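These notes concern the structure reproduced below.
Numbering of ligands and ligand atoms starts at 1, following listing order. In this text, all values refer to a predicted model and were calculated from it rather than measured experimentally.
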Amino acid sequence: MKIILLGAPGSGKGTQAENLMRDYGCPQISTGVLLRKAVAEKTEIGKKVEEIMARGDLVSDEIVLDLIQKSLEQIDDQIGFLLDGYPRNINQAKSLNLVLESIDRPLEHTVLIDVDAEILIKRLSGRRTCSSTGKTLNIYFSPKKEIDDCIASGGKLIQRDDDNIESISKRIEVYGEQTEPMIEFYRESGILQVVNGEGSIEEVYKRLLSKIN
Ligand code: AMP
């Protein structure tokens, strides 16, 4: 499968990408994950992007294109790929088209996971990762038992650097200004599939599968 998952921050792209990876075996390429890794490892790129990411802006198109090209090169032609968090503006969408054309791997699905802005803010501001299991939890939505289990196992609830309210507002604003016009570009070209991203992870995944199968 060759698929792009589009959606605002907090729409559940990463979560649904994990479901697709599990069931279809196609590797996930998430520019956000790759960039956070670069920051954690304090690479040259990591140092360049750390501040930009913490305030919720987009990093340069050149940096993310390079990450995408290198990741695609490492993936076997036969198993497809799943892009999560890329592209995020019209320029990136055009670059991606050129890259995929040059390696003769056309996209099969471009799916938007659609979620209301108010829900996005709660999902992002409540998002935590359990430091002992790595599991993503939400202080507003996760069952109390899951949160208690994390703490009982000695884990801490870690918040992402850009999940504070200023960065969340900025990321949602950037999404409206830069990503939504790109989504229109896909919609006008007739290839956009839209999935309602509200409800449980399983419900959204079922809707997603019904679109792509
Ligand atoms: P994400 O994990 O997808 O929410 O991305 C976290 C942050 O990484 C974003 O707020 C941006 O600062 C940066 N980022 C991720 N993907 C891109 C992209 N395609 N273009 C520019 N910046 C990106």
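Counting heavy atoms under 4.0 Å from ligand 1, residue V33 does not touch it at all. Contact annotation for L35 and ligand 1: only side-chain heavy atoms (C-beta onward) come within less than 4.0 Å of the ligand. Contact annotation for R160 and ligand 1: only side-chain heavy atoms (C-beta onward) come within less than 4.0 Å of the ligand. For R36, every heavy-atom contact with ligand 1 shorter than 4.0 Å involves the side chain, none the backbone.
Taking atom 16 (N) of ligand 1 as the reference point, the nearest protein heavy-atom neighbour is T31 OG1, 2.8 Å. The protein atom (non-hydrogen) at minimum distance from atom 22 (N) of ligand 1 is V59 N, 3.1 Å. In terms of protein heavy-atom proximity, atom 7 (C) of ligand 1 is nearest to M53 CE, 3.8 Å. In this structure, the protein non-hydrogen atom closest to atom 20 (N) of ligand 1 is Q92 NE2, 2.9 Å. The protein atom (non-hydrogen) at minimum distance from atom 10 (O) of ligand 1 is R171 CG, 3.9 Å. For atom 15 (C) of ligand 1, the nearest protein heavy atom (residue, atom name, distance) is R88 NH1, 3.3 Å.
With rounding to the nearest 0.5 Å, the separation of CZ in R123 from CD in E198 is 7.0 Å.
The 12-atom threshold is exceeded at NZ of K2, counting heavy atoms of other residues, nucleotides or ligands nearer than 6.0 Å. For CG of D77, the number of neighbouring non-hydrogen atoms (other residues, nucleotides, ligands) closer than 6.0 Å is greater than 12.
Side chain of T179 to main chain of R88: a donor-acceptor pair is present (N/O by atom type, distance under 3.5 Å, no hydrogens or angles). A donor-acceptor pair under 3.5 Å links the side-chain atoms of R207 to the main chain of N196, judged by distance alone. Remark: side-chain polar atoms of S167 are paired, donor with acceptor, to backbone N or O of A54 under 3.5 angstrom.
Close contacts of ligand 1 with D57, meaning ligand atoms under 4.0 Å from a residue heavy atom, involve 11 (C), 12 (O). Ligand-side atoms of ligand 1 in range of L58: 21 (C), 22 (N), range being under 4.0 angstrom from any heavy atom.
Residues E146 and K135 are paired through a salt bridge, judged by an N-O separation under 4.0 Å between the basic side chain and the carboxylate. Taking 4.0 Å as the cut-off between side-chain N and carboxylate O, K170 and E173 count as a salt-bridged pair.
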